[in-house]
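Okay, structure first, notes after.
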Amino acid sequence: MEPLYKPEGVEERWQRTWEDEGLYAADLDPGRPSYVIAVPPPNVTGALHMGHALNGTIQDCLIRWKRMQGLNALWQPGYDHAGIATQVVVEKELAKDGLTRHDLGREAFVARVWEWLETYGKVIIGQYRRLGASLDYRRERFTMDEGYVRAVMRFFVHLYRRGLVYRDNRMINWCPRCATAISDLEVHHHELDDTLTYARYPLADGSGHVTIATVRPPTILADVAVAVHPQDERYRGLVGKEAVVPVVERRVPIIADERVEPEFGTGALKITPGHDPVDFEIGREHGLPEPMVIGLDGLMNGEVPGYAGLTQEEAERRVVAWLEEHGQLEKREPYRHSVGHCERCGSRIEPLISEQWFVEMKELAAPAIEAIHDGRVRFTPPVHGDVAVNWLESIRPWNVSRQLWWGHRIPAWYCDCGATLVSETPPDRCAECGDPELRQDEDVLDTWFSSALWPFATLGWPGDTPDLRAFYPGDVNSTAREIIFLWVNRMIMAGLELMGDVPFRDVIIHSTVLAPDGRRMSKSLGTGIDPLDVIDVHGTDATRYGLLKMSSTQDVRFSYGAVEEGRKLANKLWNASRLLLSAGGKEVEARPTSVEERWVLARLDAARAEVEEHFSSFRFSTAASALYHLTFDDFCDWYAEAIKPRLYEKDPDAVATSLAALERLLALLHPVMPHVTEEIWSHFPERAGRLIVAPWPGADSRFADAAGALERVQDAAAIFRRSGVRVALEGEELRIFDAVVRPDRAQVNGNGEAEIERLRKEVARAEAMLANERFLAGAPPEVVEGERAKLARYRRELAALVGDESHQK
RNA sequence: GGGCGGUUAGCUCAGCCGGGAGAGCGCCUGCCUUACAAGCAGGAGGUCGCUGGUUCGAUCCCAGCACCGCCCACCA
């Protein structure tokens, strides 16, 4: 064993060994309770980024811990077909050859996507291996696998039969570039500098005009009304009259509607049901027509002569020029507002009316809200549960159809007779008229429609499989904050609806890892840090430790310092092991004969309890810190230093005890740093099996008394050490090496005086508190007791330095 | 527009129930001690964003303010 621990080679070797020996596998085992986490399926086109690395480490840590605790731990891997994202990638490939998907046709294009995936996709799960992720890789699932497709079809048909999925012609978000509808969650709003145009609409009776304000003058061409607030005094006389829409010179009614905001603009709103969500609602309520002047390509259509094919900018110029020419342009002013964009490609979203499939969500949301409220699903940190519930409470219908080719094709068939048939498999003939000529719906489903089934479709649903019975419901879902609505909520809803139970008990929302400068990690900004690079340089164990150390309830900046700390920990552990193993002992048995040995065993047990507590409550950063200080401060700086002389003498009791202590330490560290601990463990004499499946240390209170015994000695020792005196423990006695501090240094540092000063202040503070009657009356007894104990300790420490002062008064 | 989070040492961040202000890195001092100098021993450094309130006592609870960030959103 070299003095410097080098992870390269070691880590890959253990990753291969563990997997080859089947130690990641979760096989059916009715005798053992299960522990299940399904990895959030990454996009097939994806590569491992820092968020995956952090999330993967968190999940692996839990899985390894539970596996050591003897549970049948299943960490389910797989991929998401990522409909729109994948289609865009392959379309770009085609574009290099000057082709579009339409040149290939649907069938050939989909074949091309599969081909592309075979060659370039599906790399990310392999990258999880470098993280040491103990996923059950044999169970890899894909949302486009045959079995999974069946699950998606079943879900759709199930919802259809329940009347919760339906086809409707209504306002949707259209992305002109992707040429598909997208859901509300896929629309991202950001601020934009725009122009607010004030236009006069003459009254049809010639009695004046009404002025409206708009940011989209081209939509004037599709106006069908002007609306004002019913309580708006300024316009009271106008309601019921008619106004004339500029350019098209159409006579439209002036109506009253509560949704109009009197404070905004002029308080009069032009109504364009075809191109604005609010106007759409108002229009439907007032029975207005719904003309559209903008096409699916984002260009002006042929509805208004002379405008066909114009871009919206061109149309805007023309409309504004018309207004100016006719003296109906009141003013134009700069205006900054929030505008919806396609999250995938960034194009400005075009709200328009289209026939799509929708899922009515309210009925599905209610049980999910209940499950979160009553704690069947708990969020960590809890605030995200409130956010999830808020969203569920105001849920709206979900547009699930996409005008794409890559994805699950909607299982609906249409007959010329007008019938719509929804079924899991293609129907032979029309159920209404018997016609065998049926057309399948051209569209595919939103990617998240299939993702919602992940926790059980991966286990064989809709079949009633042994896996499903053994591993559902799962235990934990660890996820990024931005997919709570898209994914987590929908899994909860789908699980309750189809399985009758929540898919997991705990949802962990991990922190977002920012670049070291606090900006978002992003490829385009060049601020990304590749976790695989960090692993290459610092090792997997160090990276895992660093990520856990960084993780928190809020966003954190990536810190190489935290990774460096992990590397130091691995190296420290390695060297401590060299010391302990060099004594050549064969026995691994706790046979403590001194207080420091009993003490370290007590410490290890206390640390085990702490780590369990931190893991259970998902405080990984705190767990990492606890393990660091256990290893450095307690195990190495105290115990190993104290026991060293007896190891040199090859004292058989000391050697056997040291290996037993090291074994416990390695086990505690394994979930965080699996490779270095397994490597050290493999150097143990006569040791069969692997640490990864070794039992997690049980509670051991045999030496609990020693914790206190040494603490007293240790307190005294700490005081001497602060003064520069070197000490070791012999039995219950504190042995002082260089009995005298080098006088020059003690004076320069003034340590002794400073320490005495500090203790005097502490004693005075504690005495004052204990003399305060209101404190004694108001504080809980254990706090008062705590203060008494502190006072006693401070007095004792002070006495050790200057003699007992209480007798000096 | 609505909601949420943050502000603690030079840097990155902990601080769970109100009672001692902490860690790692960096810096300073002293040590190449037969596991580790990628180490050891010690040290300096803080108005816990600001203002008020509750309390015997506030980094912690409450209110307001400032700044930073995130999420949601149909004021054209």
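What's counted below: heavy atoms across the whole structure, side chains too, no hydrogens, waters or symmetry copies. By convention in this document, chain letters (A, B, ...) are assigned in the order of the sequence lines, proteins followed by strands, and residues within each chain are numbered from 1.
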- Item | Lys/Arg cation over aromatic A:Phe358: A:Arg170, 6.0 Å, 45° cone |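 Cation-pi check for A:Arg170 and A:Phe358: passes.
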[atom1] of [X] versus [atom2] of [N]: gap in Å, rounded?
{"X": "A:Asn571", "N": "B:C40", "atom1": "CG", "atom2": "P", "answer": "10 Å"}
{"X": "A:Leu392", "N": "B:C72", "atom1": "CG", "atom2": "C1'", "answer": "13 Å"}
{"X": "A:Arg578", "N": "B:G39", "atom1": "CZ", "atom2": "C1'", "answer": "12 Å"}
{"X": "A:Lys6", "N": "B:C36", "atom1": "NZ", "atom2": "P", "answer": "14 Å"}
{"X": "A:Leu569", "N": "B:C36", "atom1": "CG", "atom2": "C1'", "answer": "13 Å"}
{"X": "A:Arg519", "N": "B:C70", "atom1": "CZ", "atom2": "P", "answer": "13 Å"}
{"X": "A:Arg259", "N": "B:C74", "atom1": "CZ", "atom2": "P", "answer": "14 Å"}
{"X": "A:Lys568", "N": "B:G24", "atom1": "NZ", "atom2": "P", "answer": "8 Å"}

- Message: So which atom in A:Ala570 and which in A:Val676 form the shortest heavy-atom distance, rounded to 0.1 Å?
- Response: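 Closest pair (atom of A:Ala570, atom of A:Val676, distance): O-CG2, 4.0 Å.
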- Message: If you compare all heavy atoms of A:Leu630 against all heavy atoms of A:Ala607, which two are closest, and at what distance to 0.1 Å?
- Response: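 Reported closest heavy-atom pair: CD2-CB, 3.6 Å.
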Please state the [atom1] separation for the pair [N] and [M] - nearest whole angstrom.
{"N": "B:G46", "M": "B:U8", "atom1": "C1'", "result": "8 Å"}
{"N": "B:G57", "M": "B:G19", "atom1": "C1'", "result": "7 Å"}
{"N": "B:A73", "M": "B:C16", "atom1": "P", "result": "33 Å"}
{"N": "B:C74", "M": "B:U59", "atom1": "C1'", "result": "43 Å"}
{"N": "B:C48", "M": "B:C40", "atom1": "C1'", "result": "32 Å"}
{"N": "B:G6", "M": "B:C13", "atom1": "C1'", "result": "12 Å"}

- Residue matched to B:G22 through Watson-Crick or wobble contacts both under 3.5 angstrom: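 B:C13 is the nucleotide pairing with B:G22.
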Within the pair [X] and [N], is there a side-chain N or O less than 4.0 Å away from OP1 or OP2?
{"X": "A:Arg557", "N": "B:C11", "value": "no"}
{"X": "A:Lys572", "N": "B:A37", "value": "no"}
{"X": "A:Ser552", "N": "B:A14", "value": "yes"}
{"X": "A:Gln554", "N": "B:C4", "value": "no"}
{"X": "A:Tyr335", "N": "B:A76", "value": "yes"}
{"X": "A:Lys549", "N": "B:C13", "value": "no"}

- Let me know, please, whether A:Trp574 or A:Phe485 comes out on the 5' side of the other along RNA chain B by nearest nucleotide.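 Going by which nucleotide is closer to the 5' end, it is A:Trp574.
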- In terms of the nearest nucleotide of RNA chain B, which residue is placed more toward the 5' end: A:Phe632 or A:Glu565?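 Nearest-nucleotide comparison on RNA chain B picks A:Glu565.
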- Query: Are A:Tyr5 and A:Asn575 close enough that a side-chain donor and a side-chain acceptor fall under 3.5 Å?
  - Reply: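 Result is no, nothing qualifies.
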- Message: Going by the glycosidic torsion and a 90 degree boundary from 0, is the base of B:C25 oriented syn or anti?
- Response: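 You should classify B:C25 as anti.
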- Message: Counting only side-chain heavy atoms from C-beta out, which of B:A73, B:G19, B:C75 sits nearest to A:Glu261?
- Response: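 Looking only at side-chain atoms, A:Glu261 lies closest to B:C75.
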- Message: Over 60° means perpendicular and under 30° means parallel, so tell me whether A:Phe558 and A:Tyr560 are parallel, tilted or perpendicular.
- Response: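 Aromatic pair A:Phe558/A:Tyr560 classed perpendicular.
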- Message: Is the distance from the ring center of A:His341 to that of A:His189 below 6.0 Å?
- Response: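 No: the rings miss the under 6.0 Å criterion.
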